[in-house]
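Order of the sequence lines sets the chain letters (A, B, ...), proteins ahead of strands, with each chain counted from 1. Every value quoted in this text rests on a predicted model; they were computed, and no experiment measured them. Any value given below was found using the heavy atoms of this structure, including those in side chains, with hydrogens, waters and symmetry copies removed.
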Amino acid sequence: MAEAKQPYLEFRNIGKRFAGVTALRDISFGCAEGEIHALMGENGAGKSTLLKILAGNYEPTTGELYIAGEPKKFLSSVDALEAGVAIIYQELHLLTEASIAENIYLGQLPRHAGFIDWHTLYRNTRTQLKNLELDIDPKTQLKYLPIGQRQMIEIAKALTRNAKIIAFDEPTSSLSAREIKRLFEVIKELKAAGKVIIYVSHRMEEIFQIADKITVFKDGQFVRTFEDVASVTQNDLVKAMVGRNVGDVYGYFPRPIAQPRLEVQGLLAPGVKKPADLTARAGEIVGLFGLVGAGRTELLKGIFGGTRPTRGTVRIDGEVMEIKSPIDSIAHGLVFCPEDRKAEGIISIHSVRDNLNISARRNTLRLGTFIDHEWEKTNARKGIKDLNIKTPTDLQLLLNLSGGNQQKVILARWLSEDIKVILLDEPTRGIDVGAKKEIYNVIYSIAAEGKAVVVVSSDLPEILGISDRIVVMRDGAIVGELTHDEATEEKALSLAMVNTEAKVA
Amino acid sequence: MSESANSSPQPLDQAPEAAGKSSFNFAKFWDDFGMTLLFVVLFAACALSINNFLSWANMKGLGQAVFVTGMVSCGMVFCLACGDLDLSVGAVVACAGVITAWLMREAATSWGMDQTSSMIVGMLGGVLTGVFFGTINGLCIAVLKNNALIVTLAVMWMARGTGYIMCDNGKPIGIANDLFLDFGYSSIGPIPTPIVLTAICFVVFGIILHQTSFGRNTLAMGGNEEAARLAGVNVTRTKILIFTMTGAIAAFAGVVLTAKLTSGQPMNGMGLELNAISACVLGGVSLKGGIGRMPTVLAGVLILGTVDNAMNLMNIDSFHQHVVRGAILLLAINLDQYKQKLRFSST
């Protein structure tokens, strides 16, 4: 629909490396004024990294950013703001206790003789709100507004700062249908006003509804830009997002699978919106795939009792377990490795020995109370040896270990127990390739011992590569299941993204 | 008393094999022995420069002056180690003392008990007062998830008020029970009983902190409460127990103090909570939780006591003493911060 305009915003050979990991490689594309440019890609494809570079939060390792034909170097988010860039994040960055007016003009409140000029502030805010067709008192505190209106306030804030480039990161994830409709109207008005709009979303229907162009990322690389959205199908997009050639780093091998060890029926928990059924058998690795926010972590936490499920039953070896807290689950042989290691997994200021023994020591206490130091030492050293944890001694503090070794400490913690089912949430996140392989091998050996394993991963090739069966979630519900042999990236991604009626052949 | 710093149980992370392997590590050495060393230096300096400091009478005085802070600090370590704090301990000391005195008087006069039974009733009642207030703290913090600062502040007022209410018009309640008075004045060998009891407290609480799963769980919760919970630590129960225990030991200190002072005084223990926190911080307990050791806390208590004692001997008035005490605390936390930097940057 748009004839070739000179791009106002241009990414030229942008690359970004973090300690050994390449997040973005050689990204080049441009966005024109009055254009809505959608960015798509799997989890971890590099969309967020690119947005953060645009926002001035990250400095690119290579390449340059051009705005209106001029190279720009953002050293901080203030630089980006001054260059007319505004990012509307999924999690809004607003002060909920402050008024609408203060939020919009934060950092540039009008002043008169050193004091805030409230009269001007409210007058200006009223004008801004009117432009967005919002009929609210500027003095209202943010906390009284629904999410959709808060987002409008964020947009108003961007406009008062004369933003020319406005990027939306998953803006509709918590909006109602009506709010989405209103948001799209506003975005189209912004487009008509000649702004450069970048729109990041997983939701295909939205992309087709609003975008002029679609650029697809994969593994931190630019795949292609679809210039004419009208001639693109969902199939084309999914195909562009998947399909890479990496050798088999997973080393998958089929194992004998026996009786069910974990049976979940009709489970509802915070973040799990439809009753979930899930079975994992002895020797089986079940992969739980879905896009960020699909409810995978929430489902695992609900099964484990990390959050309180509202409904449903969990059976371990056929026996119904009352899920009240992690203490009960662990006693039944059901254990969980959390996604956010630092916040929920490890005690970073404590030693390997303490982190490793924290749970299993309860069975070794003398007189039911006193620590058996001999056992603690032996068990810690056995864990270090069995899992090849790289640490000078078992007394090293966890914060001095790499992410992969921290993860192995948590695995060793649970392997010191007589477990039946293990739930692993993103066990390889932020871990380098070598350590990933070791962790896969640990997972295989756990399964080979006749235990049941449930793995959540956002890394699609990984989950296809290691799982016997893949269960797919979307919007807080389980939406499908694939066997190891029939699973392809296209099929899994389609299930995770597209409405079931629009299934990919 | 200084020897008990070394005789207390050895902390887990000080196991000999690590020391044998690495070459001399200043950060680790300072971490383990810094405060003890500081105390020894301070003590030696006082002994050399101040007349009468080393006399037996003064040593006993020093011990008598710090025993309440010492006992209360034993509980406070656990509160700080799990990432919270307890401001009610000073008021609990006073309230437990008053309740003890009140119960002994009532038991002897109104209920016609003999000396032994009324003493037992009084002491038990005193300690139970602490258990009561401590449990309120624990329940509010662990079950209702209230903020520890506010909860213990509220309980502080309740306990202080209860103490005043129990003694008519706020006047102290005298002790007439000779057995109890004897207990307060007694010695075990040459050492006054309160000091022996304090030493026992440090050993027992040191064992609880370093040698039991309860102690390790306390530190784990302070290090990362959510991780501890997901690893199967019973966070709620542990926290309630910590505060109950802290209340109980504070009350016990109050009971012993009452025997020594020969009356239950509602104004006792003013600001004691802050003394105990200072001693703990001086003793290397992290206010963020997760780090704390009994032997170094004892060193912290003794440093504070020695400075006070020295200033008394040098006839420095109490106003100046306050200023010095504040300065010491500021110095201590900065030393601690420096130490943390060394500890976490050296691999």
Side chains of A:Arg361 and B:Asn217 in contact at under 4.5 Å (non-hydrogen atoms):
yes
If you count every heavy atom of other residues, nucleotides or ligands that lies below 6.0 Å from A:Lys390 atom NZ, does the total exceed 12?
yes
Once rounded to the nearest 0.5 Å, what's the spacing between atom CZ of B:Arg216 and atom CG of A:Asp354?
4.0 Å
Residue pair A:Ile358 / B:Ala220: nearest heavy atoms and the distance that separates them
CD1-CB, 3.7 Å
Can you confirm whether A:Asn363 is buried at CG, in the sense that more than 12 heavy atoms of other residues, nucleotides or ligands lie under 6.0 Å from that atom?
yes
When the 4.5 angstrom heavy-atom criterion is applied to B:Leu219 and chain A, the contacting part is both
Greatest number of heavy atom pairs closer than 4.5 Å to chain B - which of A:Leu367, A:Thr369, A:Val335, A:Ile330:
A:Thr369
Which residues from residues 221-233 of chain B are near chain A, with near meaning under 4.5 Å between non-hydrogen atoms?
B:Gly223, B:Asn224, B:Glu226, B:Ala227, B:Ala228, B:Arg229, B:Leu230, B:Ala231, B:Gly232, B:Val233
Identify which part of A:Ala343 has an atom lying under 4.5 Å from any heavy atom of chain B, answering side chain, backbone, both or neither.
backbone
A quick test of your reading: do over 12 heavy atoms of other residues, nucleotides or ligands sit less than 6.0 Å from CZ of B:Phe214?
yes
Among residues 302-309 of chain A, those lying within the under-4.5 Å heavy-atom range of chain B are A:Phe304, A:Gly305, A:Gly306
Atom OG1 in B:Thr212, atom CG in A:Leu365: separation rounded to 0.5 Å?
8.5 Å
Counting heavy-atom pairs under 4.5 Å to chain B, which of A:Gly345, A:Pro338, A:Cys337, A:Ser329 comes out on top?
A:Gly345
Identify which part of A:Ile346 has an atom lying under 4.5 Å from any heavy atom of chain B, answering side chain, backbone, both or neither.
backbone
A:Thr378: which residues meet the side chain to side chain contact (heavy atoms under 4.5 Å, CB included) condition with it, sequence neighbours left out?
A:Glu374
Quick check for you: to the nearest 0.5 Å, what is the distance between A:Arg362 atom CZ and B:Asn234 atom CG?
12.0 Å
Taking a cut-off of under 4.5 angstrom between non-hydrogen atoms, the residues of residues 310-325 of chain A near chain B are none
To the nearest 0.5 Å, tell me how far A:Ile349 CD1 sits from B:Lys288 NZ.
8.5 Å
